[in-house]
Amino acid sequence: MISQKMGNAINDQINAELFSEYLYLSMQAYFQRINLLGFANWMDVQVKEERAHGMGLFNHLIERGGKVELLAIDKPKTDWSSALEVFEAALEHEQFVTGRINSLVTVAEEEKDRASISFLDWYVKEQVEEEFNANSIIQSLKLIGPDANALLLLDKDLAARTFVAPVIA
Ligand code: FEO
């Protein structure tokens, strides 16, 4: 049976993952609005990944006899000035989530909850990938600068991203 403290911390992280889903959905809407549909596709995949992250925690809590408590989701930002600004915000958000995951591991250690420590290892590794993905698009956008043709080529690349449901275990 999971402790109350661990359960509360996981419920907070479910909320953070669902906020991430909401934030990326807002970014998707922005890209659809400015007609960068490959970028919008990239965000659509990200939205699905965040839902999967939230549901992984949701399922862990249920399996451990905890109580899932869904909290209010904050309103995400809706306007950015460029694709670069969007991805800088995405990276900043992922760095924030990494900090949250690390804190969650600390709670699991304090609670001597070995099952949660082992389970959260997947999220620790996933955050490395999340930061890497956002940062690599930032680097591409910086190289592209004001070149609209190059931006459209990157948009084509990002249109190829597909969602593969992660196996969280
Ligand atoms: Fe669920 Fe983007 O981390």
Side-chain angles (χ1 to χ4, degrees), residues 2 6-32 36 38-64 66 68-80 82-109 113 115-141 154 157-169:
I2 201 158
M6 194 71 231
N8 290 345
I10 290 178
N11 272 316
D12 284 345
Q13 190 57 29
I14 292 172
N15 182 260
E17 300 292 349
L18 297 186
F19 173 76
S20 301
E21 178 187 15
Y22 226 38
L23 175 64
Y24 288 122
L25 188 59
S26 189
M27 290 173 172
Q28 178 185 341
Y30 166 77
F31 282 122
Q32 284 184 287
L36 282 175
F39 279 89
N41 172 67
W42 193 96
M43 286 297 169
D44 178 47
V45 172
Q46 197 61 28
V47 165
K48 291 173 178 140
E49 286 210 356
E50 297 301 349
R51 168 56 68 99
H53 297 169
M55 289 311 294
L57 292 155
F58 179 109
N59 292 331
H60 178 71
L61 196 46
I62 299 275
E63 281 172 10
R64 302 284 312 287
V68 168
E69 220 174 322
L70 297 178
L71 309 171
I73 302 172
D74 289 341
K75 179 183 187 296
K77 186 175 158 134
T78 49
D79 291 295
W80 293 270
S82 66
L84 179 59
E85 195 184 70
V86 173
F87 276 89
E88 283 174 339
L91 177 59
E92 194 180 322
H93 180 68
E94 289 303 336
Q95 288 166 336
F96 167 73
V97 173
T98 299
R100 291 197 55 109
I101 294 289
N102 290 341
S103 301
L104 203 49
V105 173
T106 301
V107 174
E109 286 167 348
D113 183 341
S116 290
I117 293 169
S118 164
F119 169 75
L120 289 170
D121 204 41
W122 185 91
Y123 285 81
V124 171
K125 290 180 195 139
E126 175 69 5
Q127 281 311 118
V128 174
E129 192 183 317
E130 292 283 76
E131 288 189 26
F132 174 80
N133 288 344
N135 195 39
S136 79
I137 295 175
I138 287 172
Q139 296 315 314
S140 298
L141 287 167
L154 178 59
D157 279 356
L158 299 186
R161 188 185 193 200
T162 53
F163 175 66
V164 180
V167 180
I168 302 173

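Whatever order the structure lists them in is the order used to number ligands and atoms, beginning at 1.
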>> Under a 3.5 Å threshold, yes or no: a donor from one side chain and an acceptor from the other, between Glu63 and His60?
In response: no
> Is it the case that Gln46 and Glu50 place a side-chain donor and acceptor less than 3.5 Å from each other?
Replying inline: yes
> Is atom 1 (Fe) of ligand 1 less than 2.8 Å from an N/O/S atom of Glu94, whether that atom is in the backbone or a side chain?
Replying inline: no
> Is there a donor-acceptor pair under 3.5 Å between the side chain of Ser26 and the backbone N or O of Tyr22?
Replying inline: no
> Between Tyr24 and Trp42, is there a donor-acceptor pair closer than 3.5 Å when you use the side chain of the first and the backbone of the second?
Replying inline: no
> Within Glu17, is some N, O or S atom less than 2.8 Å away from atom 2 (Fe) of ligand 1?
Replying inline: no
> Within less than 2.8 Å of atom 2 (Fe) of ligand 1, any N, O or S from Glu126?
Replying inline: no
>> Please name the atom of Glu50, limited to N, O or S, that comes nearest to atom 1 (Fe) of ligand 1.
In response: OE1
> With atom 1 (Fe) of ligand 1 as the point of reference, which N/O/S atom of His53 is the closest?
Replying inline: ND1
>> Is any side-chain heavy atom of Trp122 closer than 4.5 Å to one of His53?
In response: yes
> Taking the N/O/S atoms of Glu130 one by one, which is nearest to atom 2 (Fe) of ligand 1?
Replying inline: OE2
